[in-house]
Structures are given as C-alpha cells and as structure tokens.
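This report refers to the structure that appears directly beneath it.
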Amino acid sequence: MTFDEGQGYVVLATLVLPLAAALILIFTPGSQKMAVRYISAVTGAILAALSIYIFVAYQVDGPEAQMNLNWAWVENVAFLGPGGISLRLAVDGISALMALLTGVVAFAGALASWKIEYRNKDFYILYWILLAGVYGTFFAYDLFFFFFFYELAVMPLYLLIGVWGSTRKEYGAAKLTLMLVGGSVLIWIGIFATFHQAGIGTFDLPSLWAAGQDGTISATAQKVIFPLMVVGCGVLAALWPFHTWSPDGHMSAPTAVSMVHAGVLMKLGAFGIIRLGIQLLPEGAAFWMPALMVLGTIGAVYGATAALTQRDFKLISGYSSVSHMGYVLMGLATMNTIGITGAVLQMFSHGVMTALVFLMIGALYDQAHTRDMKEFGGLGRVMPLWVIFYAIAGLANVGLPGFSGFTAEFHIFVGTFRTYPVFGALAIFAAALAAAYMLRMFATVFFGPLNPHWKDLKDLTPLERLSGAMLIASIVIMGVWWAPFTERVGHTVTLLPGVTG
Amino acid sequence: MVPLENYLALSAIVFALGVYGVLARRNAVMILMSVELMLNAVNINFVAFAAYLDPGRIVGAIFAVFIITVAAAEVGLALAIVIRLFRNRATANVDEAATMKW
Amino acid sequence: MSFYDQWSAILIAAIAGFILVFTALIATRILAPFARERAKGISYECGMLPIGRNWAQVHVRYYLIAIVFLLFDVETVFIFPWAITYLSLAEFIFWQMILFIAILSLGLVYAWKRGVLEWK
Amino acid sequence: MRDYALFIPEYIACGVALLVIALELFAPRLRKDLLAYLTALGAVAWFAAGLAFLDRDPKSYQGLFISDDFTAFFRLLAAGIVFVVALMSAEFLKRQRGVDQGEFYGLLLVAGSAMTIMAGATELLTAYLALEVLSFSLYVLVGILKRDLRSNEASLKYILLGAFSSALFLYGLSLVYGAAGTTSYAGIAEAFAGRDSGLDPAVAVGMMLILAGVGFKVSAAPFHMWAPDAYEGAPLPITAFLSTLSKAAGFALILRLFSTAFVTDAESWRWAFLALAAVTMTVGNLIAIQQKNLKRLVAYSSIGQVGYMLISIAALGYGDAQVGLNATSGLLVHLVGYIVTTLALFSALTAAVSRTGSEEIAGLRGLAETQPFLALVITASLFSFAGLPFFAGFATKLFMLQGATTDETIWIVALAVLNSFISLYYYLMVIRQMYLFDPLGEAVRFRVQPVLWGLAAILLLGILFIGMYPGPAFEFSEQAAKPLFESASAAASARVQAP
Amino acid sequence: MMLFADPLFGLPSWIDAIIRIVIVVLVMTVFVIYSTYGERKLVARFQQRLGPMRTGPWGLWQGFADAIKLVGKEDIRPKNADRWVFELAPYATFIPVLLTLMVLPFAENWGVRNLALGVFFVFAVLGLNIVGILMAGLGSGNKYALLGAVRAAAQMISYEIPLVVSLLCVVMITGADTGNGVGTLNLNTIAALQEDRPYIVLQPLAFLIFFTAMLSELHRAPFDIPVAESEIVGGYFVEYSGIRWSMFQLTEYASMWGFAVFGSVVFLGGWAWPFGVDSHWALQLATTFTKALAIVVVIIWIRTTVPRLRIDQLMNFSWKVLLELSFLQLIVNGIILYYDWPQELLALTSAVGAGFLIFLIIRHASARSTKGLLGTYRTLGASSS
C-alpha cells in the first residue's frame, strides 16, 4: 500500500463513519437518549479530526487529485464501458477546504443538537446519513457517485425539517425538498445527456473532463447541457430566482439542520457548478457565465435588501445566505483565478459564519421561543457571551477585516472588477447593505433597555460555547492567516479549464 | 372457391361489431357476449388463413380450437363472478357496480 | 359429392324447416278463429291471476351447473380428434389424453367435494 | 425426443399447487396457515430446481418453449414472488372469512408457473395459453374475498377488460399468422425478413393490436383503466402479486416476442412504444397525485413505473443488437429492483393495515410513532420508487434509462426523470402522514407479526443491497438478457452471408 | 346398391337435396302422427284400456283428426310475452331436430347426406335445441314456463356429456375396425362396420348410458320433470297453444325417432346387422326401422312403468354416476384397444360396468339410506338432504 492509497482510506472513512454511526444508532434503543448523544458527539469529533487531517495533509505542490481511492462498483456492464462504474474518491484543493468546513460544522451541529429530546435517535440517524452524502459529493470523482451522494444529502432533509422543525415546518420542508429534487432532476437529465454525448462509455469524472475540454463533447451540446447543470445545482446554491426555498426552509429547520444546511449543503450547489459546469463543460461555461454573473449579482443585492426588511432572526440569516451565495456565484462567474478562489473561500467563510449565526439563534429560541427581533433588546446584559459570539458572526458577515468574510469578499470583488466592473460596484453596494442590516439588528437586540420579560434568559451552555468557539476559531484563522487556504484552493483553481489568470 | 378476402372482411366486420358491443353495452353479460363475438372473428381469421395459406398444416385450426376452449373457460369464470356480484348486490350492470370509480 | 354439395343440403334443410313451421303458422292464421280479448293475454298460472312479477328469479345452482357443463363440454372437443386417431399415434400421446381426462376428473372431484353438484 | 425434464421446476410448482388444494379439500380442519407455509416451501423447492437451469445451453421443447437463461431468470423471479406473497397472505388471510385458501395458494403457484412459460414461449399459441392461465388465476385471486363487494367488482371489471384485451391480442396474432404462415417466433422473423415489400398494413394493424393486448397486461396507459380498480378491490397480498408478477410476466412476453419475432419491423413499432411510454408515465404519475387510497396510489405509481420500463422496449427496436441488449438488461435489473421494492412495501402495508384496518393514506397517520420499523420500510420503498440513492430504485432506474438512451430517446428519458420528480411529491404525501402527524387515538406501540416483520426486514435489506451494490443483480440481468440477442445476431450474420 | 351415393338421376345437387328433404319431412310427419296414436294405444294397453277407438277403424284416423283440430285452434300470444323470442322459439326448437335427420343413414347410403363428421354434427346441432327451449321459456313471460325451460336446459346439458362420451367409446372401437388405425365419425361407415356384431355387444355399458341420456334429452319419463303437468303445468310451452304447441309436439316425436334411428345405427348395427352389407335395400330399411321401433316401444314402455324422478335425483344421477362411468369406459376402451388386447375383453369389462349400473338402479328402488358417498351410490346418486 502506497502512502497515497492509505490516505484514500482516510477519505473513505469520512463516508463510512457517518453511515456506520447511523447503523449503530439504528440498533441503539430509542430510550437511551444519552448514549445516542455520546455516540454522535464522538462521531462528530472523529469526523472533524479526519477533515482537519485531510486539509492539512493536502500537498499544495502535489498532483491535482490526491488521496485517490478507486473501487470497482459495477463491472462487466456493456453499456457502461469497460470500466463500468467505480467508487472513485479523490481530494483536490477545493474539496479539501470543503471537507474542513464540513468537519467543523458537522461536529458543531452534533453538539448543538444535544438538547433535542423528541426521538433524538431518529434525528441523528438522518443527520449522519445527510453528512455521508455531503462528504461523498465533495470527494466523488465519478459522475454517478457524485449524483448518488448529492441526492443522498438532499433526501433526509424532508424528515429532518418536517419532524423536528418549527414555524410552518411542513410547508417549508415540502417546498425545500421539492425544489431541491427538482433541481437534481435537471442534473440527472444533464448527466444522461453528458454521458451520451461524450460517448466514451464511462462515468469517470477526469475522463469526462478531458472529453469536455478536448471537444469530444461538442460545443453545441455543452451549451445545451450547461444550463441544466447550473440551474440544477443553482437551486441548492440559492441561485436567484430559485432561492425561494431558502428563507422558508431555514425558518422551519431545527438548529443543527440550519447549520448544516446553510453552512454546508448550499455549498454543494456551488461546488456542483464548479465540478459539473466549469470543469466538465468549459465551452458552455464560457458561453453562459455572463448570465450567471447577472443572476448572482441580483441574488446578492436582492438578498441583502430583503434581509433589511425582515424581523425574524432566521429570515434575516436566510436572506443573508442568499446574498452571500450570490457573491459565490459572482465569483465563479468571473472565470478568473482570483474570483473563483474568492468564491471558494466565501463558501468556507459563509459556511462557518452562518453556522455560528444559526447556532446562536437556536440558543436564543430554545429559551425564548420567539425569533422576532422587535421583542428583544438589551440582551447584552443577560447573555454577554451570546452577544459576543453573535457579534463576531455578524462582523464576519459584513466582511470586516480580520475575519474570514473579508478575505473571501476581497478576492471576489477584485476578481469581479477585473472582468465586470459594473457588477463589482453593485457587489460593494450589497456589502454595504449587509452592514446596514447587521448593525440594525445589533442595535435593536444587543443594546437598549432590557425587556423585563427576558431577564431570566440564561447564557450559552458549555456545549454551545464549545461548538461556537470552534466555528469562531475557523473564522478568525482564515481572516488572519489565509495563506494555507488560498494556496490550496488556488492550486486547483489555476488548473481549471478556461480560467484566466 | 370463395376468395380469402371475403373471409377476412367477414371477420373484420364481426370483430368491429364485437368491439362496438364492448364499448357501448353496460351489462356485463352483454359485454361478455360481445367479447365472444370478437373471439369468433379471430377464429374465422385463423381457420381461413390455415385453409388458404398454410395447406397441409393445421396450426391455425388448432389455434382456433384452443381459443374456443379458453373462451368457454373465460365465460364460465366471468359468469361465476357476475353471479357472485349479483348475489351480493343484485345487479349485472357494470355501471351500477360502482363502489369504486370506474 | 363435394364439400359444398354436402353442406348446401344442410342449409336447404334449415330453410325447409323454417318454411314448414311458417306454413303451419300461416295455415292457422287462415283457418283458426281470431278473437282478441284481454283475459286471453294474461299469463296462465293454473287459472289464478298471476302474482308478482312475471319473471321468477332462477336459483343460482342452475348457473353453476351451466358453468361446469361448459367446461366439460368444451373439453370433449379435445377428446374427439384423439378418439379418432389415437391408434395411429405415439404411445405418449395416448397417455397424455388419459392424463388430461384424469386432470379433468380432478376438477370434477373438486367441484363435487365443494358441493357444486349437490342439488339442495 | 421430447425433453420433459425442462419443466421439472414447474412440475414441482404445480404439484404443490394440487397438493395444497387437495389438502384443504380433504382435511378441512387443518390450520390454514400451514397451507401458506407449504406453498412457500414449494416455492423454495421450485426456486432451487430453477437454479439448476441457470447457465445451461438453450434447449428447446418442440419449438414451443425454450429453456435458456432468460426463462430461468423469470422462473426464479416468479418463485421468489410466490414465496413472499404466500407468507404475506398467511397473516392477511387469518382475518378474512369465506376465502378458499387452498385455491388461493394453489392459484399463486399456477400463476407463477404460467409466468415461466410466458417467458420461455417461442410460439404464439403457447404464449397465448400461458397468458390466459396467468390471467385466469389473477381474475380469481382478485375476487377471492367472496363477500366483499369491492373485491367482486374489481374481479368483474378485471375480467371484462381482460377478456376484451385478449381478444384484441388474438386478432393481432391471427393477422400476424396470416402474414407469416407460421406461429413460431423464429418462423415469423424469417418470413418477415424474407419478404420483398415493406410493412404490410395488415401486419402493422396486427402488431398494434398485439401491443394493445400486452399493454393491457402490463397496464400501460391508455389500457390501464382496470388497474386501479383491481388493485383497490383485491386483497392486499394479491395487489402485491398483481403489481409484480403480472407486470413481470407481461414484460417477459413482450421482450421475447418483440426482440425475436418482430425484430425486422422494429422501425415501425418503436414509435408506438415511445408514445405509449410517454403517455403511460405521465398519466400514471399525474393521476397518482390525486389519490386518497393507498392501493390506488400504488396502482397509479406502478403505471408510472411501467412507463419508464416501456422506454427500454422502444430502445429494443433501435435495430442494434447491442442497444437492445443494453436496454433489455437495464429493464430486467429495474424489474428486479421494482419487484423487491414493491414486495417490501406491501409486506409493511399488510402489517400496518392489519392493525389500523384502513387502506386510506390517512390511515397511516403517525405510523412512525406507533411502529417505526414499518414506517421505515414504507419510506424506504417509496424513496426507492422515486429513485433516490441508497435504495434499489436509484441504481436500477439509472441503469435502465442509461441502457435505453439513444439519440432519439433522450427526450423521453428527460420526461421520465421529470416524472420521477412528480412521483416524489405524492410519495412525500404518504411519508408526511407517517412522520409529521400524530396518530389518531392513543399512540400505543404495536407489535408486528414475526413473519411479516422478517419479510419486511429481509426485503428492506434487499432494497439497500441492490441500491448500494447493484453489480450482482446487473450481471445476472445481463446474463439473462443475452440469449434473446445471441440468436438474433447469429441470424443476422447468417443473412448477410447468404447470397 | 350405390344408387344413392350420388345425386338422384344425375340432377344438380341442390335439386337432389330438395327431393330428399321433402321425402324425409313427409315420412317424418306421418311417423309423428302415427306415433302419437301408437303411444296412446300402447299406453292404453299397458293400463288395461282400449285407447282411441272412435275415429276410423281402431281409431286409426285419430292422429289426423288431432292435427286438423290443432290447425283450427286460436293462436294466442300472452301480453307479457317477449314478442320476437316467443315467436321464434318454435323455429329454434324444430329446425335443429330436422337437421339431425339429414345425416342419418336409413339404409346403405339412404339418407339426405352422408357427412364425414356425422356423429359430431348430430351433437353440434342438437345442442341448439336447448336454445329454442330457453327461448320459449324466457319469451313466454310466465313463471312456470321459465322454470320448466331452466330445468329442461339444466337436465339436457347434464346428460349431454355422458351421451357424447358414450358415443366416443364407440368411435374408438371403429378405429380398430377400419383397419387403418383411424376411427370414423361417419354414421354410414359406423353402421357398415357392425356387419358381424352390433356394438351393443361390445359396449353394453355405453349403450345403457346412451339410452338413459337419450331419455333425458327427450324429456321422457322418468326424466320428464321439465314438462311435468302436475308440477309446472306443462313446462316451457305452457303459454303456447294450437299450432305452435303442436310444433313442440312435432319436435319431440321427431327427435324421439331421430334418436331411435341414431341409436340403432351406432349401437344396434343399423342396416348392416344381421343381414350384412350386401342385403337388399328394402331389407336394410326394414332392419333399421325395426330396431328404431324397438327403441321407441321401450321408451314408451318405460314411461308407463317407472315413476318420475325428482330433479335432484336426476341431476345427481348424471353428474355423479353416469359421467364417471362413461369416462371410465372411455379409458378402459382406450387401454384395451391401444395395446391390441382381444375385443372379448371389451365386452367383458363393459358388461361388468353395465351390471354395476343396473345393480345401482335396482338398489335404488329399495334403498333407504341416502347419507354419504356410499349412500349416494346406493341410492343412484339421489341425495335427499
């Protein structure tokens, strides 16, 4: 076993571990609620450790795809070509960063769900299945498995939100699930079309990428297929105008699901655009990217504007997510190194930041049972730590230097200005709006007179502090010392087809 | 000899009558009789083809005999079901047997 | 005598039968008295006025018998060709028909045991 | 010489069928579920005997029936279905009165044997007779609840429409016979290949009628009207039987008939199948949305599934043996996945309905609370139907559509994918009842009968296994599909070499 | 004596057919008229009476007088009747019977037509008779008529299977007799094959079954429950009067003669036995007539001596006794003939079976217990429960 193969098993472990946890939980008696929690916490910790390991072990001077694993899954299938379908996993710079994000958020989410009493076993089972799907999507180097894990990640959401959610949960869950699956239908059609157009009889992604770049997949076909892929993934990435599930879904979802969903799952969409759009269909990308830029900018401005008018914490965060994902799409649409790097960094940054926000909202909601901003005030006196944590998240959100948001947004703005200066200006306008809605919320909630009704609110529990601290650490590290992040991402981004310096 | 076309035309007419009966009638027994008409059209076809196109071999005739048998069994079964329905509900009209959507 | 000569005679016979009955009916039209009267049109039930609907409901056992008959009658269709040619056929075809009859008899036994043949 | 040994597995099945009937007749005081277990045992023996016929050289019985891997595949499938349905019925029939159980189980086995013959028939009369034996068994089984008005009605509608469709089918057969002068599949192919002119209108009409007839058997729209009623009126295990065995048998017949006998005129019938597929899947899924009754829902959803499968049949007519092979093996593997999923769904539903007594969707309210295992199995099956990953439906549907994709069919594959998206909506409506609502009345956990529990568990594992590791199922299906095309390609090459 | 094998006097075949048919119809009418007279006379003798004596010497013109009377009676159609069904029923009952007469060989090649499928034709056509009876019952709009028709139909179809199978037993023997291994359904040939011995010798059981079934098909006592005056006032033709009623009477007697000739051809050697196939045609005609007359007389004789069976008794007798015995006979015949065992064995086994059947019938007269399967057999299948 070479070193590289051994690392392949680490990658595999990130898939197997959550599934194994789910399997163990199935056979755990439902009444043993504490056992369930411990199992989940341990799983989350190991996952986080594995993710950090993958991130650290990624060699910036190494080959494009590292930590390969290639297991034949279906062989001797005539129409699938000689190779059939194989479980091919690998890590590149982008997925290394995404893995790190997933590990951190997953662990934090597992801890944040400690308080769930109602059928927590079932909750955790679905939670871990979801995470297995997320990891799988990030690591899959096979088109079939990419889609397999993508669907796997979307599937448990319905029940997670429908059963454990709040506020119009059925509506939110159904809307979210149907829109996301609708998106994946487009992807599926796109996959069929790609496979058929490539005509090389394999689902192996690198081979297909090569086919996309050397013109085996004709330019016309690419231009037809690209919208399918991008809109399909874009639904999950809250691409305007397919974002409408996002505020409703987030409002209904339980804390941990919001964290994972806004933090990680939405990134799957953007990640899919890189994998299936830019890498697979470069001709299509070149043709359609301006349109994506327009949509991304609309999303960014629209999200920020809408957030400005909301009173519900979760809705604010939901629209702010739309806005931030708009930045990501803008970054991708620039098609230059710095813009795309910024987009990937923004994916990470938004992931940890929004996870932190939802964690804090959950901590408040569990006690207050309301999320109406106007009912609060002066919380700094009763929940100082909560306020600090929330403030850090908010500042990162705004893009204050020293926090991850700055690093990411800076890259994006630079990239955008290089190609589309007008949109760059609009993006900065949106950032200003973000500052407005954040400060408005700070002013209302943190300061001012304390509503006596809330004087008994307790501050963060130790578990919440732990998970919050972890997320803050990620935010700060990236804001301060971004070199490890940028070089890993840049290593891969420079190799993307059609990307200009 | 009568030309083959005449047999085929006869069979087509009988078949069409049967189809019309199945579609237009609402009484289960009438529908069954219409189906029998269709099956007899098939028999005419088979026997005519066997006599004209396939001399010396009798596959068509054998087919016809089997169709007759199967049709008899089918009618037997269907009548048994009609009787059972009739005993439970006292109707043989398909329209009135509409506990479920038709 | 050809096939058509033989069967046309059967057709002529059918027509002859029709004519026979028809002439008899015409004869009675001419010869018999004809006086329409309301009471004559009433169904005959031994001189009493008819009770209830003029269609009696027939017991279900008649239908059962009809169904059983239908099956047996059609099966004899298969025995006919066999009974004519069995001597010149291979041994296993002979035994196949015996087997066929045996299966048929199983059906009869089943119906018997189920009480289809009981006339209660 | 005649090779009676080819039918040994069917002798076993029919022997057990007779035994079961006789047992009930002559030992009326016997415990009735013993009959079910005896049937299941018979199915196991049948399966075991069927295994011996795998991997053999094709062997023909008098040109009427061929024993090859394709036949063996369907034989094993039939045995498996009968096994599961028999066990399911053991529990279900305990609460039904006035059911002649010997007949019930006997007919299950007979119908299964008929399916084998349908798969192996290489001659029209044999195929027709097998089809009728299967249909007759199903007519009786649907109406087996003598005192249940719905069951009677379902049976009546089924038999009336069934008789009508077999008359259409037969008229088609007679026209084909007239054109080809023979009833053997190979002979028809030869006769059609050897003619000078194009497609005879009579043959075209004949093929369309045949298509209508078999379309009815697999309940393809617009010949699907019987399916919802028959499904709703039939006892639950028979609904499972209908939606698995009768469909599989129909496809077995279609595959063999169209891939061997009518292959010459593929150009002509391909479009009919494409249209049929498009209409079927759309109608099935759209109407399913409005359903309140579980069985009707399953009926329409299975109509939708048939629509997907018909795409493969259309691809069969692409005229290329390789495409045909791909499409067929995709169809077979999807059939396996579909059958396992359906059986899992129904064993769970049987258990749930036996407790709640309601066959409405709303009757499943709060099942996750009262019986989480059943809720899990039902959810898994529905997700598998919808084609979500992890479950059989994902992999098998993908293989099937992939195998059927050609330049001309890509639009219909897209339609199929869109349809499976629609189907997810109504599956979610069922899942919503189980997970999102509280049970009516008090939420007491209830126990599932051990047999049903075991069945559901094993089938659930089956769904997961096929979903996560479809390799073996796929190889098996491909092996089964090969015999259909070997002879065709051999004949094609022979034709080319002839001067 | 091949005069009748071809068209008479070389005429076109359809003219030849008309001539033959007219002869048969005329002779049939005379026979029917005289057999009603004969039956009344015979029954009277059995009952120590004189019977009709007034019309002509010994009442010989009685039948003609009746016929004239019937033509002169009013023809009534009840208000409730379904017009077309009611009107067409006499046609539907009479024509099939007439058609059966078309294929019977009265002497060598003396008949209207000599069909290769004679036996099959007789059954195919006789089955239609039931339709006429049902039409009469349904169309009359009368409960008794309906009941009678349904009973008649049930009885006729029940006895049809033993009837067919018993004849198939004979057909199987013809296969051995023709010498080429292929049997025949041609009635003329069947008669000729019995030159040496009539098939009743080889197949007494089959004949017994045939005879019983025949009685039932004819609604003759003791199987006359469908037309029982004392129960259902005459059965399916209760609403028919005058000439229409007489059409049913005509049908009944014509079919009685038809069956008698048919039975004599198939079982009693027809025109061929005992005088051989080369005897003079007049002798052949006389032979056939004598045998048929014997059967008719026996039918009438049975009518006067045996009491009427209940419907359950006669249905059970058919389904539970005759059907089994006929199939048994078929199988035994098959085995013996296929393996070329001596024909004496046929006679022996069949005689044993016939003995068993007669034993059952005799036991029935004195039996008390009707319980269980054995009881069923003991009482001729008449379960009274």
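To find a chain, count down the sequence lines: A is the first, B the second, and so on, and within it residues start at 1. Just so it is clear, the structure is predicted and the values come from calculations on it, not from any experiment. No hydrogens, no waters, no symmetry mates; every other heavy atom, side chains included, goes into these values.
One distance of note links CD of D:Glu190 with OG1 of D:Thr264; it measures 10.0 Å at 0.5 Å rounding.
Of the atoms belonging to B:Phe15, it is side-chain heavy atoms, and not backbone ones, that fall under 4.5 Å from chain D. Heavy atoms of D:Tyr128 lying under 4.5 Å from chain B belong exclusively to its side chain. In this structure, chain B has a heavy atom under 4.5 Å from the side chain of D:Ile159, while its backbone stays farther away. With a threshold of 4.5 angstrom between heavy atoms, D:Leu129 approaches chain B through side-chain atoms but not through N, CA, C or O. Using a 4.5 Å cut-off between heavy atoms, B:Ala50 contacts chain D through both its backbone and its side chain. For chain D, no part of B:Thr69 is nearby; none of its heavy atoms comes within less than 4.5 Å. With a 4.5 Å cut-off on non-hydrogen atoms, B:Ala71 does not touch chain D at all. Both the backbone and the side chain of B:Ala73 have a heavy atom closer than 4.5 Å to some heavy atom of chain D.
No donor-acceptor pair closer than 3.5 Å links the side chain of D:Asp100 to the backbone N or O of D:Gly102. In this structure, D:Ser113 contributes its side chain and D:Leu109 its backbone to a donor-acceptor pair below 3.5 Å. Here the side chain of D:Gln62 pairs no donor or acceptor atom with the backbone of D:Leu64 at under 3.5 angstrom. The backbone N or O of D:Gly363 sits nowhere less than 3.5 Å from a side-chain atom of D:Glu360 that would complete a donor-acceptor pair.
Taking chain D as the reference chain and counting heavy-atom pairs below 4.5 Å, the highest number among B:Val75, B:Leu39, B:Val35, B:Asn43 is found for B:Val35. Between chain B and the options D:Gly162, D:Ser174, D:Ala202, the largest number of non-hydrogen pairs under 4.5 Å is found for D:Ser174. With respect to chain D, the highest number of heavy-atom pairs below 4.5 Å among B:Ile67, B:Val42, B:Val19 belongs to B:Val42. Options B:Val59, B:Leu8, B:Leu77 differ in how many heavy-atom pairs under 4.5 Å they form with chain D, and the most are formed by B:Leu77.
Counting only heavy atoms from C-beta outward, the side chains of D:Phe136 and B:Val70 approach each other to under 4.5 Å.
Taking both residues in full, the closest heavy atoms of D:Gly120 and D:Arg256 are given as CA-NH2, 3.8 Å, listed atom of the first, atom of the second, then distance.
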Would D:Tyr177 and B:Phe46 count as a ring pair (Phe, Tyr, Trp, His ring centres under 6.0 Å) if you check the C-alpha gap in whole Å, the side-chain angles of each, and the deciding distance to 0.1 Å?
CA-CA 8 Å; D:Tyr177 167 69; B:Phe46 268 117; 5.5 Å; yes
